[in-house]
Chemist: 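Pasting in a structure now, in structure tokens, and then I'll have a few things to ask.
Quick note: residue numbers are just sequence positions, from 1.
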Amino acid sequence: MAGLPIALAQTTPPAPDGALLAKYCVTCHNERAKTGGLTLEKIDPANAPANAEIWEKVIRKLRVGAMPPSGMPKPSQGDVNAFLTSLEASLDRAYAASPNPGHATLHRLNRTEYANSIRDLLALDVDASSLLPPDDESYGFDNNADVLGVSPVLLERYVAASRKVSRMAVGDPTQGAVAQTFRARPDLSQDKRVEGLPLGTRGGLLMHYNFPLDGKYTVKIVLARNTVDVIRGLEEAHQIEILVDGARVFLASVGGTSDTEALVKNPAEARMMIEARLQARVPVKAGPRAVAVTFRQKDAAEDDYILEPFLRTTLDPVNEAGLPHIDEVVISGPYNPTGPGDTPSRRKIFTCVPANASPANSGDDVGCAKKILSTLARNAYRRPITPTDMETLLSFYQSGRNQGGSFDAGIERALRLILSSPEFVFRFERDPATVAAGSAYRIDDLELASRLAFFLWSSIPDDELFNLASANKLGDPATLNREIRRMLADPRSQALATNFAAQWLYLRNLKNFAPDPNEFPDFDDNLRQSLLTETEMFFGSIVNEDRNVLDLLNADYTFVNERLAQHYGIPDVYGPRFRRVTLSDDARRGLLGQGSVLTVTSYATRTSPVLRGKWILTNILGTPPPAPPPNVPALKENNEGGKVLSVRERLEEHRKSPACASCHKIMDPLGFALENFDATGQWRSKSEDGAAIDASGVLLDGSKVDGPITLRAALMSRPDVFVSTLAEKLMTYALGRGVDYNDMPAIREIVAKAAADNYRFSDLVTGIVKSPEFRMKIKTAPDAASPAVKTAMLFK
């Protein structure tokens with residue numbers, strides 16, 4: 001346990017006197033209820049560890065200026081700081097004497113972790129959403145072990161997934177033809193080139209598809225129809241092409257005089273004729289391929305289609321004019337397969353080839369099978385393989401070889417066992433027999449490597465990390481530091497943007513956001529995807545460049561393509577490629593100026609100061625408001641023909657209820673400061689009801705704000721608050737459990753050390769990885785009702 005307790009200051013400031021303490025001893029009725037009716041006057045701050053949970057709440061409120069409440073006497077900031085320093089030192093000292101790393105529940109791989117693990121184990125990308133059901137989330141993340149439930153039905157899904165994945169990875173020649181449909185969202189505009197497609201094309205779909213075998217595959221194109229079942233945009237002739245890895249394999253014409261005349265004479269027969277024309281059977285080699293279906297862009301001189309009045313090209317559901325759009329693409333096959341081919345997954349699996357793999361010489365291939373299966377099992381199980389493991393795998397290999405008649409069939413059968421094994425599906429951490437139940441102990445290097453890989457990559461350890469762990473070298477601080485920086489520099493750390501940040505910032509909700517087209521006619525799927533990409537690239541730049549995490553709030557740059565630049569009013573940006581731009585408008589700086597955040601905190605028809613204020617309290621300040629009291633009515637909307645009230649006026653009416661006022665006076669000023677951004681993140685000077693925007697307000701600590709710039713300045717004035725919130729979110733994600741008051745001393749040390757090095761992102765990660773919470777666990781007594789025991793029973 002040496003080196004694990006947090007560092008403490010050499011001297012501890014004295015506790016404040018009784019007169020000063022009285023100024024702090026004000027707490028709301030909610031807190032009295034949570035603490036059994038206790039008030040702070042009855043709790044001795046000189047013995048803060050005895051009531052650590054309550055005092056950690058006090059610290060959190062004092063840090064953001066939420067105590068004392070508005071209207072009560074306020075002590076000087078110097079007195080506040082002295083009290084906080086004394087209180088935190090007392091709590092931190094008790095933690096250092098007896099670290100509490102918290103519980104560690106048996107962790108099932110969630111969908112993201114499963115897909116990433118398959119990718120790194122087998123060099124195979126799979127769509128986990130088609131294999132496994134959605135995961136529950138808790139404390140803001142779906143990797144929380146406490147809610148990653150286990151049931152016989154779910155385990156059957158993992159077993160079915162293992163069969164499908166193993167056959168795809170090996171290239172099982174007995175698998176029949178299958179079909180997969182790729183659909184364009186109804187609001188996808190298709191008048192510009194899609195990123196990744198050749199110049200001179202427009203619209204369409206770019207799909208990444210894994211062809212299981214060498215053979216022929218059918219690609220069927222379905223054009224979009226309007227609400228009266230008429231294919232739009234066929235007045236003029238258009239050419240549609242299919243490309244595989246950038247090479248054209250099919251070209252067809254659609255539209256023009258002959259098609260329009262046929263549609264007039266016999267619509268049903270003409271549609272069948274067109275659909276038959278837009279279907280091709282092409283030979284494709286096995287493996288992952290980029291398949292594109294797109295239109296060839298016509299020259300400006302011949303492109304005389306009717307210009308749309310809005311940026312979204314699918315707004316009018318009845319209009320037949322304009323451009324044709326691709327609605328869906330169906331890929332089916334293989335037909336007449338010729339073999340498994342040379343795929344990345346086969347190269348990853350078959351690290352050797354038996355000298356003689358004929359059925360008559362089945363014994364000659366056992367050595368090669370051992371080499372292949374030992375490597376796969378070691379990486380999948382994230383530990384060295386035992387003789388018992390190998391014996392079981394070889395028995396499955398032999399069974400598959402005998403039944404399938406080939407070496408490949410035997411490997412596929414054993415791989416299926418590996419992927420359905422609880423050793424792969426669950427992250428086991430075995431308690432040492434020498435440690436007493438209820439005692440904290442340090443996990444071994446292999447378990448540390450697994451925790452580290454799933455934290456930074458949402459995946460399994462690679463060979464370099466595994467080998468260091470096997471040699472027990474991760475205990476060396478310099479070695480561990482190098483590994484953390486290497487892993488953060490690896491492309492797999494993109495998971496921190498697409499998985500961690502996507503959940504922390506609510507970016508996953510973007511796919512479900514569909515604003516009212518009458519209010520926001522220009523919003524389309526192109527913009528939706530651009531908003532997501534901007535924030536993912538922005539967060540990725542903080543990680544990859546190891547920047548000060550305060551840049552998340554105050555950076556003077558972002559990433560845009562032409563569509564997003566139009567939305568933001570940024571000039572001279574053309575094409576679908578994203579590029580880094582310097583912001584000339586200070587209102588756009590950082591996360592609070594990005595359309596993704598502003599969109600997911602809005603309603604379909606209008607902005608929501610309440611949602612935006614709650615988002616800031618939860619994700620920036622780390623002080624989420626309590627759930628609203630029961631039976632509180634929703635905010636009244638304006639009735640047709642009645643008096644039109646602004647959102648501010650309606651919220652003022654709403655706050656007249658005492659049950660609502662206490663929280664809304666905290667949330668609303670934060671949200672109103674962002675009212676110049678509409679529900680899609682576009683700048684405006686008037687609200688949806690036509691009233692001039694009033695972004696002014698007073699925050700709980702007395703700071704006056706009048707827009708995003710002054711709001712950002714107020715948030716930046718307390719840098720430790722935001723950094724502490726980010727550290728808390730990262731630790732929650734890293735541990736796969738909720739963070740509570742027991743963990744706050746560790747978070748304070750992490751933030752204090754990061755402050756000494758300009759709050760670099762890597763310093764937060766390093767602090768978390770070296771914390772007792774991450775490197776230790778408490779041994780629990782065996783319990784017949786525990787998840788581990790239940791899981792073992794289910795697998796039996």
Side-chain angles (χ1 to χ4, degrees), residues 1-8 49 52-53 56 91-107 139 141 143-146 382-383 426-456 461 465-466 468-481 483-484 487 727-754 763-783 786-788:
M1 225 178 278
L4 287 179
I6 66 171
L8 293 175
E53 182 175 7
E56 289 291 356
L91 294 167
D92 295 349
R93 190 166 52 252
Y95 172 87
S98 180
N100 179 3
H103 68 283
T105 306
L106 180 68
H107 190 127
Y139 288 88
F141 298 99
N143 68 341
N144 189 304
D146 291 331
R382 306 172 289 279
R383 60 168 175 80
F426 296 89
R427 290 165 51 185
F428 285 101
E429 294 179 346
R430 292 166 175 80
D431 293 327
T434 56
V435 175
S439 300
Y441 69 92
R442 193 168 184 163
I443 60 175
D444 66 33
D445 275 20
L446 286 171
E447 292 165 346
L448 176 61
S450 185
R451 286 192 181 191
L452 186 57
F454 280 103
F455 173 24
L456 300 184
L465 179 61
F466 186 91
L468 287 171
S470 297
N472 294 318
K473 291 184 177 180
L474 293 182
D476 174 50
T479 301
L480 184 58
N481 288 343
E483 274 304 283
I484 292 171
M487 295 176 72
E728 189 174 336
K729 296 290 184 180
L730 276 169
M731 181 174 276
T732 300
Y733 178 80
L735 299 178
R737 67 165 174 83
V739 170
D740 61 23
Y741 68 95
N742 291 303
D743 306 303
M744 297 314 297
I747 290 174
R748 280 193 287 272
E749 185 188 27
I750 292 167
V751 173
K753 288 185 176 180
D763 289 329
L764 290 183
V765 170
T766 302
I768 290 170
V769 172
K770 292 185 174 181
S771 69
E773 280 76 359
F774 197 86
R775 302 191 64 179
M776 300 176 68
K777 66 176 291 189
I778 294 177
K779 181 175 181 178
T780 55
D783 180 359
S786 71

Chemist: Identify the two heavy atoms, one from Asn144 and one from Gly738, that lie closest to each other, and give their separation to 0.1 Å.
Modeler: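 Shortest heavy-atom separation between Asn144 and Gly738 comes out as ND2-N, 3.5 Å.
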Chemist: Could you give the distance from CZ (Arg383) to CZ (Phe466), rounded to the nearest 0.5 Å?
Modeler: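 Rounded to the nearest 0.5 Å, the CZ-CZ separation comes to 9.0 Å.
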Chemist: Can we say Arg430 and Asp444 salt-bridge, meaning some charged N sits less than 4.0 Å from an Asp/Glu carboxylate O?
Modeler: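 No, this pair does not count.
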Chemist: Are Lys753 and Thr766 close enough, and set up right, to give a side-chain contact (heavy atoms from CB on, under 4.5 Å), and what steps lead you there?
Modeler: CA-CA 10 Å; Lys753 288 185 176 180; Thr766 302; over 6 Å; no
Chemist: Once rounded to the nearest 0.5 Å, what's the spacing between atom CG of Leu452 and atom CD of Glu447?
Modeler: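 Leu452 CG to Glu447 CD: 13.5 Å, rounded to 0.5 Å.
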Chemist: Closest heavy-atom contact between Ala449 and Leu465?
Modeler: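 Heavy-atom minimum between the residues: O-CD2, 3.5 Å.
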Chemist: Taking all atoms of both residues into account, what is the closest heavy-atom pair of Pro101 and Pro772, and its distance?
Modeler: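 Closest approach of Pro101 to Pro772, heavy atoms only: CB-O, 3.4 Å.
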Chemist: Would Arg737 and Asp743 satisfy side-chain contact (heavy atoms from CB on, under 4.5 Å), going step by step from the backbone distance to the final call?
Modeler: CA-CA 11 Å; Arg737 67 165 174 83; Asp743 306 303; 3.0 Å; yes
Chemist: Within the side chain of Asp445, is there an N or O that forms a donor-acceptor pair under 3.5 Å with the backbone of Leu474?
Modeler: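 Yes, the answer is positive, given that a donor and an acceptor are paired below the 3.5 Å cut-off.
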Chemist: Can you check whether Leu468 reaches Leu480 side chain to side chain, under 4.5 Å on heavy atoms?
Modeler: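 Not touching, per the 4.5 Å side-chain cut-off.
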Chemist: Would a 4.5 Å heavy-atom cut-off, applied to side chains only, mark His107 and Leu735 as touching?
Modeler: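 No, their side chains stay 4.5 Å or more apart.
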Chemist: Any sub-3.5 Å donor-acceptor pair from Lys779's side-chain atoms to Pro432's backbone N or O?
Modeler: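 Here the side-chain-to-backbone pair exists.
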Chemist: Just wondering, do Glu749 and Tyr95 contact through their side chains at under 4.5 Å, heavy atoms?
Modeler: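 Side chain of Tyr95 against side chain of Glu749, heavy atoms only: no contact under 4.5 Å found.
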Chemist: Would you mind reporting whether Met731 and Ile750 have side-chain heavy atoms less than 4.5 Å apart?
Modeler: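 In short, these two side chains touch, coming nearer than 4.5 Å.
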Chemist: As an exercise, state the distance from CG of Asp740 to NE2 of His103, rounded to the nearest 0.5 Å.
Modeler: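 If I round to the nearest 0.5 Å, the distance is 8.5 Å.
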Chemist: Flag the pair Arg451 and Glu429 as a salt bridge only when some basic side-chain nitrogen lies within less than 4.0 angstrom of an acidic carboxylate oxygen.
Modeler: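 Looking at Arg451 and Glu429, the cut-off is met.
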Chemist: Tell me the closest heavy-atom pair linking Leu764 and Ala727, and the distance in Å.
Modeler: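 The answer is CD2-CB, 4.3 Å.
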Chemist: With rounding to the nearest 0.5 angstrom, report the OH to NZ distance, Tyr441 to Lys777.
Modeler: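 Output value for this atom pair is 4.0 Å.
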Chemist: Looking at Arg748 and Glu56, is any side-chain nitrogen of the basic one under 4.0 Å from a carboxylate oxygen of the acidic one?
Modeler: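 The answer is yes: the pair qualifies as a salt bridge.
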Chemist: Determine the minimum heavy-atom distance between Phe141 and Thr732, stating which atoms define it.
Modeler: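 Shortest heavy-atom separation between Phe141 and Thr732 comes out as CD1-CG2, 3.8 Å.
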Chemist: Is it true that a side-chain atom of Ser771 and a backbone atom of Ile768 form a donor plus acceptor pair closer than 3.5 Å?
Modeler: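 Yes: the side chain of Ser771 pairs with the backbone of Ile768.
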Chemist: Find the distance between CZ (Phe426) and OG1 (Thr105) and round it off to the nearest 0.5 Å.
Modeler: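 The OG1 atom of Thr105 is 12.5 Å from CZ of Phe426, to the nearest 0.5 Å.
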Chemist: So Met744 and Glu728, do their side chains get closer than 4.5 Å, heavy atoms only?
Modeler: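 Glu728 reaches Met744 side chain to side chain.
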Chemist: Any side-chain heavy-atom pair from Phe774 and Leu448 closer than 4.5 angstrom?
Modeler: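 Phe774 reaches Leu448 side chain to side chain.
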Chemist: Report the distance from atom CG of Leu446 to atom CG of Asn472, rounding to the nearest 0.5 Å.
Modeler: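 So the CG of Leu446 and the CG of Asn472 are separated by 7.5 Å.
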Chemist: Please report the closest heavy-atom contact between Phe455 and Leu730, naming both atoms and the distance.
Modeler: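 So the minimum-distance heavy-atom pair works out to CE1-O, 4.0 Å.
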